[in-house]
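Counting begins at 1 with the first residue of the sequence.
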Amino acid sequence: MAMDQSSTVRRVAAARTPSVGRAVRPTHVLAVSSGKGGVGKSNFVLNAGIALAQMGRKVLVLDADMGLANIDILVGLTAAHNLSHVLTGEKSIEEVLMEGPSGIHLLPTSSGVEWMANLTAEQKTDFLGKMDALNGRYDILLIDTGAGISSNVIYFNLAARTRIVMVTPEPTSLTDAYALIKVLNRSYRQKGFEIVVNAVDTEAEALGVYRNLTSVADRFLDARLGYLGYVRRDGHLGRAVLRQVPVVELHPDAPVSQSYREAARRIIGLPSGAAGSDMGLFWRRVFDHDTPA
């Protein structure tokens with residue numbers, strides 16, 4: 001389903017100038033990453049984002065899996081323009097924003113564009129400068145990064161106030177998640193991470209996975225791994241994906257939807273910070289830590 005993005009442009013432009021004398025609350029920036037692909041990251045970002053919007057938060061979702069973006073597909077939308085057009089100067093960020101389910105806004109990225117997967121330092125700097133213009137217009141920015149430890153994944157994790165790492169009980173998922181955390185901790189001095197365990201049947205199983213990961217991190221890293229929750233294994237999710245409708249909207253009472261809403265409540269409870277968490281200082285966090293220790 002193609003979407004006219006002009007209505008979104010008008011709404012964002014209307015909110016551009018805050019009322020005189022009103023303090024602008026900084027946007028809480030969260031990056032959602034994983035060591036390996038296929039662990040449910042995009043579904044988590046989309047459905048948790050919708051749950052946050054349903055709780056009254058203004059939410060922007062950035063699909064930052066450069067070159068292999070898919071969040072717009074999960075909601076059955078086809079963007080006329082995307083982030084690649086912003087980086088080439090053809091469009092502004094406001095012009096590529098799309099309105100998604102429950103009023104969330106999506107910043108789509110291109111799929112199948114090779115250069116997007118390897119942005120230059122100049123392109124990254126330019127992008128962060130453009131993102132500054134959105135600071136304060138949203139309560140929460142959720143960044144769906146790519147998987148692994150590519151430069152783009154590291155870049156968005158450094159730019160975020162909160163780093164969420166998704167894992168499943170599979171040994172390869174745990175090993176690769178630890179590798180991502182290790183790189184961010186040892187090479188870039190990042191110490192705080194929030195863990196979400198996906199595709200489990202009970203919270204006891206999720207806590208077991210979390211403890212396995214934290215036991216290794218506690219032994220070898222100078223990092224704190226928080227527990228943000230778990231997502232239940234549920235056939236409703238697969239059926240929603242096939243219909244291109246977010247499961248929290250299609251099956252709001254399903255166990256998996258309840259999991260996403262609980263994670264959203266915990267996100268609201270996270271400290272958003274003051275300086276350093278907002279998009280106005282987005283770029284500074286990157287360049288403060290861009291050189292490995």
Is any side-chain heavy atom of L106 closer than 4.5 Å to a side-chain heavy atom of L97? no
Validation row: K36, E170 side chains within 4.5 angstrom (heavy atoms): yes
Quick check against the 3.5 Å criterion: does R57 have a side-chain atom that pairs as donor or acceptor with the backbone of Q54? no
Indicate the atoms forming the closest heavy-atom contact of S34 with V39, along with that distance. CB-CG2, 3.4 Å
For L228 and I195, what are the C-alpha separation, side-chain angles and deciding distance, and is it a side-chain contact (heavy atoms from CB on, under 4.5 Å)? CA-CA 6 Å; L228 196 62; I195 305 301; over 6 Å; no
Check whether D144 reaches the backbone of V45 with its side chain - one donor and one acceptor, N or O, closer than 3.5 Å. no
Got a second to check how far L77's CG is from M98's CE, nearest 0.5 Å? 4.0 Å
Would you indicate whether the side-chain heavy atoms of L30 and L270 approach each other to under 4.5 Å? yes
S187 side chain vs L184 backbone, donor-acceptor pair below 3.5 Å: no
Report yes or no: does R186 contribute a side-chain atom to a donor-acceptor pair with the main-chain N or O of L221 at less than 3.5 Å? no
Sidechain-backbone polar pair: D63 side chain, I71 backbone, donor-acceptor under 3.5 Å: yes
Do the side chains of Q244 and V75 get nearer than 4.5 Å, heavy atoms only? no
What I'd like to find out is whether the side chain of V183 reaches to under 4.5 Å of the side chain of Y188, using heavy atoms alone. yes
In short, P26 meets N135 closest at the heavy-atom pair CA-OD1, 3.9 Å
Under the side-chain contact (heavy atoms from CB on, under 4.5 Å) rule, what do H105 and E99 come out as? Steps first, then yes or no, please. CA-CA 5 Å; H105 283 174; E99 185 166 338; 4.1 Å; yes
E94 side chain vs S92 backbone, donor-acceptor pair below 3.5 Å: no
Tell me if the CZ atom of R243 is crowded by more than 12 foreign heavy atoms within 6.0 Å. no
What is the distance from atom CE of M166 to atom OG1 of T145, rounded to the nearest 0.5 Å? 11.5 Å
State the CD1-CD1 distance between I268 and I140, to the nearest 0.5 angstrom. 6.0 Å
So do L107 and V61 actually touch side chain to side chain, heavy atoms under 4.5 Å? no
Do the side chains of F44 and V231 get nearer than 4.5 Å, heavy atoms only? yes
Run F156 and L62 through side-chain contact (heavy atoms from CB on, under 4.5 Å) and show every step you take. CA-CA 10 Å; F156 284 110; L62 167 60; 3.9 Å; yes
Residue K130 excluded, over 12 heavy atoms near NZ under 6.0 Å: yes
Rounded to the nearest 0.5 Å, what separates atom CG in L142 from atom CG in L52? 6.5 Å
With side-chain contact (heavy atoms from CB on, under 4.5 Å) as the criterion, how do T162 and E194 come out once you've worked through the C-alpha distance, each side chain's angles and the decisive distance to 0.1 Å? CA-CA 8 Å; T162 301; E194 298 294 331; 4.0 Å; yes
Could you tell me whether a side-chain N or O of N152 sits under 3.5 Å from a main-chain N or O of A64, the two making a donor and an acceptor? no
Do L213 and V216 land in one hydrophobic cluster if side-chain heavy atoms of ILVMFWY residues count as linked below 4.5 Å? yes
Does the plane of the ring in Y227 sit parallel, tilted or perpendicular to the ring in Y210? Use 30° and 60° as the thresholds. tilted
Are L74 and L250 linked, directly or through intermediate hydrophobic residues, by side-chain heavy-atom contacts shorter than 4.5 Å (ILVMFWY only)? no
Could you state the interatomic distance from CE (M55) to CD1 (I267), rounded to the nearest 0.5 Å? 9.0 Å
Distance-only, no hydrogens or angles: does the S259 side chain make a donor-acceptor pair with backbone N or O of R232 under 3.5 Å? yes
Restricting to non-hydrogen atoms, name the atom on G56 and the atom on D139 that form the minimum distance, rounded to 0.1 Å. O-OD2, 4.2 Å
Heavy-atom pair with the smallest gap, counting every atom of D234 and A254: OD2-CB, 3.5 Å
Classify the side-chain pair E249/S102 by whether it contains a donor and acceptor separated by less than 3.5 Å. yes
If only side-chain N and O atoms count, and only distance matters, is there a donor-acceptor pair under 3.5 Å linking N157 with S33? yes
What's the spacing between T27 OG1 and M131 CE if we round to 0.5 Å? 8.5 Å
On a heavy-atom basis, the closest approach of P108 and H81 is CG-O, 3.7 Å
Determine whether R233 and D201 satisfy the following criterion, salt bridge (charged side-chain N to carboxylate O under 4.0 Å, His left out), listing intermediate values before the conclusion. CA-CA 6 Å; R233 195 192 327 268; D201 295 314; 3.2 Å; yes
Going by distance alone, is a donor N or O of one side chain under 3.5 Å from an acceptor N or O of the other, for N198 and T168? no
Check for a donor-acceptor pair, side chain of N185 on one end and backbone N or O of I181 on the other, with a separation under 3.5 Å. no
Distance only, no hydrogens: is a donor on one side chain within 3.5 Å (strictly under) of an acceptor on the other, for S84 and N82? yes
Counting only N and O atoms by type, is there a donor-acceptor contact under 3.5 Å from the side chain of S257 to the main-chain atoms of D253? no
Shared hydrophobic cluster, L46 / V245 (ILVMFWY, side-chain heavy atoms < 4.5 Å): no
For P246 and A240, which heavy atoms make the closest approach, and how far apart are they? C-CB, 4.4 Å
Any side-chain heavy atom of T202 within less than 4.5 Å of one from E205? yes
